[in-house]
**Student:** 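Mind looking over this structure? Questions follow.
One-based numbering along the sequence shown. Read the numbers this way: they start at 1 and go in the same order the structure lists the ligands and their atoms.
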Amino acid sequence: MARQNNSKSQQRHEATIEGVPVRSLPKVALHEHLDGGLRPGTVLDLAREAGVEAPAGTARELGEWFAEQANAGSLEGYLQTFELTIAVLQTRDALTRAARELVEDLANDGAIYAEVRWAPEQHTSGGLTMAEAVEAVQEGIELGEDDAEAAGRSIRVGQILSALRQGPNSLEVAELALDFRDEGVVAFDLAGPEAGYPASAHRDALDLLTTEFFPVTLHAGEADGLDSIRSALLDGRALRLGHGVRIADDLEIIAEEGEDVRVRLGDLAAWVRDREIALEIAPSSNMSTGAISRWGNRIEDHPFDLLYQLGFVVTVNTDNRLMSRTTLTREIAQLADAFEYTLADVERFQLNAAASTFLPVEQREELIDLISEGFDR
Ligand SMILES: [Zn+2]
């Protein structure tokens with residue numbers, strides 16, 4: 001197999017698999033945060049406009065500051081970075097610009113479809129209502145889609161509205177998501193601290209969404225373990241899991257002989273695998289937040305490959321491109337480097353994602369066709 005990935009991370013945007021540039025491959029992103037995907041230069045511009053003090057004076061320095069804070073190994077440092085991005089996203093224009101650029105950046109990264117999530121309740125301190133904030137983001141998404149089209153790329157993007165696990169607003173956010181169900185919002189999510197804030201605490205919101213047959217994906221199995229995944233599935237009827245990597249806690253390795261690993265799946269892991277509940281995995285993010293610390297802290301330690309080999313529906317995402325200084329291309333390239341993936345493997349991850357989007361089935365099939373055609377080329 002003619003695999004020739006560049007090993008240095010800064011070169012990963014030029015990475016190839018079997019001679020094909022990874023960036024050119026059609027991709028589907030299921031787990032991208034709007035407030036984690038800003039360009040450093042845009043944060044600077046918006047900070048200036050909003051009168052918010054930025055911790056660095058140039059885009060380059062600010063990009064480095066985000067990466068350092070996010071990887072300092074403290075949750076405090078990590079959360080501080082979002083304080084800044086959220087502080088500068090409090091006006092209609094700022095939200096529209098951020099969404100528009102996010103779509104453009106994803107399209108340049110080869111994405112043909114993405115679902116971007118954010119928490120409207122964090123964007124009202126400048127006087128916007130949550131509904132106005134959703135409209136502003138939708139406007140940016142549509143402008144970004146038009147920009148991409150004009151540049152010869154085709155991308156479509158849906159919104160996922162997140163409510164904060166630690167906050168009191170989940171019912172209101174669920175109602176908001178339903179109000180916009182035919183106007184760009186495709187699903188509901190719970191974000192924020194997982195431990196101590198189970199999905200079951202948001203039963204009113206989750207029951208409403210169930211009654212209305214509205215899709216739910218929940219962050220679970222990232223900062224907390226199997227109980228959190230159980231609650232996401234039972235209380236949230238989640239159709240996908242945000243990260244979900246801790247499902248590997250429910251795997252028991254019985255025997256290991258060279259390449260041959262025999263694994264027993266617990267009932268929960270078997271349910272997630274056999275019901276094809278997609279895992280929205282973001283490897284770099286998982287390394288910096290400690291989500292995979294049980295297995296190690298290098299990409300080679302990530303349970304992604306074990307889950308893939310066992311038949312779980314794994315997908316590749318960035319979570320927060322700004323904080324992790326990453327792209328879809330880079331995430332795929334580093335996995336391919338670590339686990340010797342071929343183009344066929346990478347195609348499988350994209351087909352998994354396409355099949356797990358919250359689009360109607362005929363549109364999912366169109367995506368699947370576009371991916372197959374793109375990989376055949
Ligand atoms: Zn996330």
**Student:** Can you tell me if an N/O/S atom from His31 lies under 2.8 Å from the Zn ion (ligand 1)?
**Tutor:** yes

**Student:** Heavy atoms, side chains only, cut-off 4.5 Å: are Thr16 and Val22 in contact?
**Tutor:** no

**Student:** Ignoring hydrogens and geometry, is there a side-chain-to-backbone donor-acceptor pair from Glu115 to Phe358 under 3.5 Å?
**Tutor:** yes

**Student:** Provide the atom name of the closest N, O or S atom of His219 relative to the Zn ion (ligand 1).
**Tutor:** NE2

**Student:** Quick one: does any side-chain atom of Gln90 pair with a main-chain N or O of Gln122 as donor and acceptor, under 3.5 Å?
**Tutor:** yes

**Student:** Of all N, O or S atoms in Asp319, identify the one at the shortest distance from the Zn ion (ligand 1).
**Tutor:** OD1

**Student:** Report whether any nitrogen, oxygen or sulfur of Glu280 sits less than 2.8 Å from the Zn ion (ligand 1) (N, O or S, backbone or side chain).
**Tutor:** no

**Student:** Please work out whether the ring planes of Phe339 and Tyr341 are parallel, tilted or perpendicular, with thresholds of 30° and 60°.
**Tutor:** tilted

